[in-house]
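Shown next, in structure tokens, is the structure this report addresses.
Both backbone and side-chain heavy atoms feed into the values below; hydrogens, waters and symmetry mates do not. Heads up: numbering here begins at 1 and tracks the sequence.
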Amino acid sequence: MAVSTNRVPLSGLARKLVMDGLLEQEAAAEAFQESLKNKIPFVKQLVENKLVDAKSIAHAASSEFGVPLIDIDCIEIDPDTIKIVSRDLLQKHGALPLYKRGTRVFLGVADPTNLQALDEIKFNIGGGTTEAVVVEWDKLAKALDKALEESDTSLGDMDDGDLEDFDDVEVGTTEPDRDDDAEVDDAPVVRFVNKCLLDAIKKGASDLHFEPYEKMYRVRFRVDGVLQEVSRPPLALSGKIAARIKVMSRMDVSERRVPQDGRIKLKLSKTKAIDFRVSTCPTLFGEKAVLRILDSDAAKLQIDQLGYEDHQKELFLKNLAKPYGMFLVTGPTGSGKTVSLYTGINILNQEDINISTAEDPVEINLPGVNQVQVDERTGMTFPKALKAFLRQDPDIILVGEIRDLETGSIGVKAAQTGHMVMSTLHTNDGPQTLTRLQDMGIQAFAVATTINLITGQRLCRRLHPDYRQPIDMPDDALLKEGFPQEWVDEGIKIFSPGDGGAECPSGYKGRAGIYQVMGISDAMKRLIIEGANAVQLADQAGDEGVWDIRKSGLSKARAGITSLAEVNRVTVE
């Protein structure tokens, strides 16, 4: 039952915001109730839901309660001052000790009316007094996260000086196999692996590759979709590094003849942990290990952050809201399919909806969603999980991937019986997905009547806005690349990556999605039933105004988000 908000008495900061016309009374009362329900600060509730901006809140609080306002970016916070208050209290109240004068501790807070925070912290420091200083919430949250991260020592000291021991090992020497097992806790190896994991996180890598060859051993990170070499430790340590990774991911260290899978949970602080999905594979010269970084923050992206064009986003949301049918995301490995699916699941994840997922592996934990780990060895297959879901009254079913006829057939039947089924396929675009399902053995009629939407996607690197360089291209060259005539007539400015020095050597920073969002029209359904091929289906989609992935990429280049060279790298001309 909905909570009535019009009778909730307003006081303190909420009352001031309403009086200043920054917030409607009903919205203020509702936000206050939500903050209590979610056990988060009232100001955080306002800012994160974009009801009032942090700067306006800070000025209103300072004016109303006579508390000084400070720009936290302009002061240097003493780390020793932060340590006088327990981490639990800092996280609980969103308060940060800024500086100390004698026995007085000045606390940066977004809401000076939170007297409980001031009293608890005063008691915690064992005497003295606490005084509030108003700080904008977004700046305070950023400073608080940084302070907590810097004060955490869970990874230990990983000074590069500890890695000098590697130079004492002669490259190319061999050691008995038993040494690999006996020395997996060798301190330099432990520190080296830990440092690699931490460096990969700091650089925003998506995966790490530890690779042994005949005469060398190298470590590479995939950053923004492109592999780059970061280290060449001595070849003699390849076995110890592989063994250390296997110990961390709970694999069988003694087994070197078959591939193994595992998982590592790396705790960066009390509030931040990163999971790694680990795979080892025996190669000609040793075991290669690949670690995929699974950052749960990626699953919390809003749809506006994914990079859909406006008309594509509208179609995406329209079909996501349908009560039944199939919603498919396609593309090669590493194209962001999981993030797109999780974004959709997060939109749908409400208290009154039953969502079940079958994944191999479960990459990111989603509260409120029933997630099942598929494991062929134990007999928990996609078909078995789907059959179990259908006996538990689901509203939405997510299948990690449709790999075979049995999985596809059960998914189609679930969609036909009133369920929303979301899944991925490894195909290049929407039209090829329609023919691929039929090639698996699913009847054309079932394909035509159950699929609501297909999203094909790729990821391209973003140009760093501070270093991109404009380039001149004649109209003929632009047309040859595939830019529509009307775009060329309006004028197109193309950019290339510039040299960003140590800060951004490649000229790219981050990635953006490029998409083909294809609904299944009545005309498309007729073609499917008549047995049309992928080329005919693509022509029909084009006639209906559906952008293919190439055109979506050219739109990103036209907007200066990426370069034409990057579009050519990830799409077909």
Side-chain angles (χ1 to χ4, degrees), residues 258-259 261 277 279 319-320 322-333 335 337-338 340-342 344-345 348 354-364 366 369-457 518 520 524-525 528-529 531-534 537:
V258 296
D261 294 310
R277 188 179 73 200
S279 172
N319 284 276
L320 190 67
K322 291 184 177 180
Y324 56 86
M326 296 191 76
F327 188 105
L328 302 177
V329 180
T330 72
T333 300
S335 60
K337 298 188 298 296
T338 299
S340 293
L341 278 180
Y342 281 167
I345 287 292
L348 298 170
N354 180 17
I355 303 176
S356 296
T357 77
E359 304 168 72
D360 182 19
V362 175
E363 296 189 359
I364 299 170
L366 296 175
V369 176
N370 307 291
Q371 296 174 278
V372 172
Q373 172 77 53
V374 170
D375 189 344
E376 301 284 346
R377 292 172 297 181
T378 62
M380 177 53 77
T381 61
F382 279 119
K384 185 169 288 187
L386 282 173
K387 290 176 182 177
F389 291 164
L390 293 173
R391 291 192 290 269
Q392 297 195 343
D393 189 28
D395 297 302
I396 298 167
I397 297 172
L398 186 150
V399 185
E401 181 186 349
I402 295 178
R403 298 176 178 173
D404 51 44
L405 174 59
E406 187 177 9
T407 305
S409 297
I410 297 173
V412 166
K413 290 176 182 176
Q416 290 175 328
T417 54
H419 304 91
M420 166 64 79
V421 179
M422 305 176 71
S423 188
T424 70
L425 276 87
H426 284 95
T427 56
N428 290 323
D429 57 21
Q432 290 186 34
T433 300
L434 296 171
T435 56
R436 168 67 178 143
L437 290 170
Q438 294 177 69
D439 290 341
M440 285 183 180
I442 300 174
Q443 294 182 344
F445 176 79
V447 172
T449 56
T450 57
I451 296 177
N452 294 334
L453 188 81
I454 302 174
T455 297
Q457 63 184 70
M518 188 180 82
I520 309 301
M524 191 82 71
K525 291 178 181 179
I528 295 170
I529 294 172
N533 58 38
L537 293 170

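- At least one side-chain heavy atom of Met422 sits under 4.5 Å from a side-chain heavy atom of Leu320.
- Atoms CD1 and CZ, from Ile397 and Phe327 in turn, are 16.0 Å apart once rounded to the nearest 0.5 Å.
- Judged by distance alone, the side chain of Gln371 and the main-chain N or O of Leu366 form a donor-acceptor pair under 3.5 Å.
- Separation of atoms CG (Leu537) and CE (Met518) is listed at 7.0 Å; rounding is to 0.5 Å.
- At least one donor-acceptor pair closer than 3.5 Å links the side chain of Gln457 to the backbone N or O of Ser335.
- At least one side-chain heavy atom of Leu328 sits less than 4.5 Å from a side-chain heavy atom of Leu437.
- By the side-chain hydrogen bond (donor to acceptor under 3.5 Å, both in side chains) test, Thr455 pairs with no residue at all, sequence neighbours left out.
- Proximity of Val374 to Glu401: side-chain heavy atoms (C-beta onward) are nowhere separated by under 4.5 Å.
- Taking all atoms of both residues into account, the shortest heavy-atom contact from Gly441 to Leu405 is C-CD1, 3.6 Å.
- Nearest heavy-atom pair, Ala385 versus Ala358, reported as atom, atom and distance to 0.1 Å: CB-CB, 3.8 Å.
- Side chains of Leu341 and Thr357 form no contact here, defined as non-hydrogen atoms less than 4.5 Å apart.
- Taking each heavy atom of His426 and Pro332 in turn, the nearest pair found is CD2-C, 4.2 Å.
- Take Asp360 and apply the side-chain hydrogen bond (donor to acceptor under 3.5 Å, both in side chains) test, not counting sequence neighbours, and it matches Arg403.
- Across every non-hydrogen atom of Ile529 and Ala444, the tightest pair is CA-CB, 4.2 Å.
- Residues Lys525 and Thr449 are not in side-chain contact: their nearest non-hydrogen atoms beyond the backbone lie 4.5 Å or more apart.
- Listed by chain and residue number, nothing satisfies the side-chain hydrogen bond (donor to acceptor under 3.5 Å, both in side chains) test with Lys384 (two or more places apart in sequence, or in another chain).
- Side-chain atoms of His419 and Thr417 form a donor-acceptor pair, as typed in the model, at a separation below 3.5 Å.
- Interatomic distance, CG of Leu386 versus CD1 of Ile410, reported as 5.5 Å (0.5 Å rounding).
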Enumerate donor-acceptor pairs with a distance under 3.5 Å from any side-chain N or O in residues 428-436 to protein atoms, sequence neighbours excluded.
from   : atom 1 : to     : atom 2 : distance (Å)
Asn428 : ND2    : Gln432 : OE1    : 3.4
Asp429 : OD1    : Gln432 : N      : 3.1
Thr433 : OG1    : Thr427 : OG1    : 2.6
Thr433 : OG1    : Asp429 : O      : 2.8
Thr435 : OG1    : Gln432 : O      : 3.0

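- Under the 4.5 Å side-chain criterion, counting only non-hydrogen atoms from C-beta, Met440 is in contact with Leu425.
- For the pair Asn354 (side chain) and Asp395 (backbone), a donor-acceptor distance under 3.5 Å is absent.
- Between Ile355 and Leu398, every side-chain heavy-atom pair lies at or beyond the 4.5 Å cut-off.
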Assess whether side chain to side chain contact (heavy atoms under 4.5 Å, CB included) is satisfied between Thr424 and Thr338, documenting all intermediate values.
-> CA-CA 8 Å; Thr424 70; Thr338 299; 5.9 Å; no
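- Closest heavy-atom contact between Lys337 and Thr330: CD-C, 3.6 Å.
- When all heavy atoms of Asn452 and Met420 are compared, the closest pair comes out as ND2-CE, 4.4 Å.
- With hydrogens and angles left out, the side-chain atoms of Ser356 and Gln392 include no donor and acceptor closer than 3.5 Å.
- The side-chain heavy atoms of Val421 and Val412, taken from C-beta on, include no pair separated by under 4.5 Å.
- How far CE of Met326 is from CD1 of Ile520: 11.5 Å, rounded to the nearest 0.5 Å.
- With sequence neighbours left out, Thr407 forms a side-chain hydrogen bond (donor to acceptor under 3.5 Å, both in side chains) with Asp404.
- Residue pairs satisfying the salt bridge (charged side-chain N to carboxylate O under 4.0 Å, His left out) criterion with at least one member in residues 405-418, sequence neighbours excluded, are listed as follows: Lys387-Glu406.
- The environment of Gln443 atom CD is sparse: at most 12 non-hydrogen atoms of other residues, nucleotides or ligands sit within 6.0 angstrom.
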